[in-house]
Amino acid sequence: MQPPGPALHPHTAPPGDFTFVSSTETDDLSGSIASPDVKLNLGGDFSKESTATTFLRQRGYGWLLEVEENDPEDNKPLLEELDIDLKDIYYKIRCVLMPMPSLGFNRQVVRDNPDFWGPLAVVLFFSMISLYGQFRVVSWIITIWIFGSLTIFLLARVLGGDVAYGQVLGVIGYSLLPLIVIAPVLLVVGSFEIVSTVIKLFGVFWAAYSAASLLVGEEFKTKKPLLIYPIFLLYIYFLSLYTGV
């Protein structure tokens, strides 16, 4: 066996080369690694900006330098920002147009979860189809909707009902849909007086039943006719604004 050779150690070499030296030379190796001279140049504007920032903060204008963080609430869609739920409005429209309990709709959602934009859209649409020859009827229909609902609300509270004005406003507005449905039919059969009268009465009864079945609860007991009758008259007046009678 050959005796182990001397240990090899790295030795300084030109860049790109790597050599080994024997252990006998290690006594002569000494030195240190110099840290690189790195200078960070932030530019001359940094000190100026710091001075300006300090000056503004000392003078009480530090709020000018604050950056507003993005709030997730500000990135909501427009319909959500306006609290418009199209699916909810569509469901309520179906509840009003099909008021029969046998159909299985939860019709109480029209009263218990009132909204403003759905009834307003229905009232405006009814106003638009009533524009034929009477342009001032739009503002009048909206006025009757607001103050007629207020009258029904006050009467309901006097009779002991537990209902809010927003609920009455929503139910009365949505219940105009039956009158919108019969409007194109009246255009077709308008020349037949008897048929036209029957369709008008059917539309009024339809609208009044949809509204009364939601607003007139069991708490009224024997006082139900006192609230159903003014609701019926209100929709007769709405129909008269459409027909111009």
Side-chain angles (χ1 to χ4, degrees), residues 92-103 105-116 118-127 129-130 134 137-183 185-186 189 193-245:
K92 291 177 180 178
I93 289 175
R94 295 173 64 190
C95 291
V96 170
L97 291 178
M98 293 175 281
M100 289 74 70
S102 59
L103 296 177
F105 290 109
N106 182 20
R107 300 186 66 245
Q108 289 300 319
V109 72
V110 182
R111 170 179 172 172
D112 297 338
N113 186 25
D115 65 288
F116 176 74
L120 178 62
V122 173
V123 172
L124 289 178
F125 187 66
F126 181 73
S127 302
I129 66 175
S130 302
Q134 40 186 357
V137 76
V138 177
S139 60
W140 192 238
I141 288 176
I142 296 177
T143 302
I144 294 302
W145 170 49
I146 294 175
F147 288 98
S149 299
L150 179 61
T151 303
I152 300 298
F153 163 70
L154 294 176
L155 184 59
R157 295 306 294 264
V158 169
L159 294 176
D162 185 15
V163 64
Y165 176 62
Q167 294 175 326
V168 178
L169 197 68
V171 170
I172 296 297
Y174 273 118
S175 297
L176 276 174
L177 285 168
L179 300 185
I180 296 176
V181 172
I182 69 170
V185 181
L186 292 177
V189 300
E193 185 175 352
I194 297 178
V195 178
S196 178
T197 302
V198 172
I199 293 176
K200 290 177 183 177
L201 290 175
F202 172 73
V204 170
F205 275 108
W206 186 4
Y209 175 77
S210 294
S213 60
L214 291 170
L215 293 177
V216 183
E218 295 298 329
E219 66 268 20
F220 292 99
K221 297 180 180 179
T222 59
K223 302 176 183 178
K224 289 183 179 181
L226 296 177
L227 192 60
I228 295 176
Y229 181 67
I231 292 175
F232 181 74
L233 292 181
L234 180 61
Y235 285 105
I236 290 180
Y237 191 71
F238 274 124
L239 183 64
S240 68
L241 292 175
Y242 167 72
T243 58
V245 178

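Numbering of residues begins at 1 and proceeds along the displayed sequence. No hydrogens, no waters, no symmetry mates; every other heavy atom, side chains included, goes into these values. On a predicted model such as this, the values are computed, not experimentally measured, just so you know.
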Could you go step by step and tell me if Phe153 and Leu150 meet the side-chain contact (heavy atoms from CB on, under 4.5 Å) rule? CA-CA 5 Å; Phe153 163 70; Leu150 179 61; 4.1 Å; yes
To the nearest 0.5 angstrom, please state how far the [atom1] atom of [X] sits from the [atom2] atom of [Y].
X	Y	atom1	atom2	result
Phe126	Ile141	CZ	CD1	5.0 Å
Lys92	Ser175	NZ	OG	12.0 Å
Phe238	Leu179	CZ	CG	8.5 Å

So which heavy atom on [X] is nearest to which on [Y], and how close?
X	Y	value
Ala211	Ile172	CB-CD1, 4.3 Å
Ala212	Ile228	CB-CG1, 4.1 Å
Leu169	Trp145	O-NE1, 3.0 Å
Pro230	Pro225	CD-O, 4.3 Å
Gly203	Ile182	CA-CD1, 3.8 Å
Val168	Ser149	CG1-O, 3.3 Å

Tell me every residue that passes side-chain contact (heavy atoms from CB on, under 4.5 Å) with Thr151, counting only those two or more places apart in sequence or in another chain. none
Audit row: Trp206, Leu177, side-chain contact (heavy atoms from CB on, under 4.5 Å) steps and yes/no: CA-CA 9 Å; Trp206 186 4; Leu177 285 168; over 6 Å; no
In terms of relative ring orientation, are Phe205 and Phe232 parallel, tilted or perpendicular, with 30° and 60° separating the classes?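 Answer is tilted, since the angle falls between 30° and 60°.
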When Leu176 is tested against each of Val122, Leu239, Val96 for side-chain contact (heavy atoms from CB on, under 4.5 Å), which residue passes? Val122
Determine yes or no for a side-chain-to-main-chain donor-acceptor pair under 3.5 angstrom, with Ser196 supplying the side chain and Glu193 the backbone.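 Checked: no pair found.
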Hey, is the main chain of Pro114 close enough, under 3.5 Å, to the side chain of Gln167 for a donor-acceptor pair?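 No, because the side chain of Gln167 does not come within donor-acceptor range (under 3.5 Å) of the backbone of Pro114.
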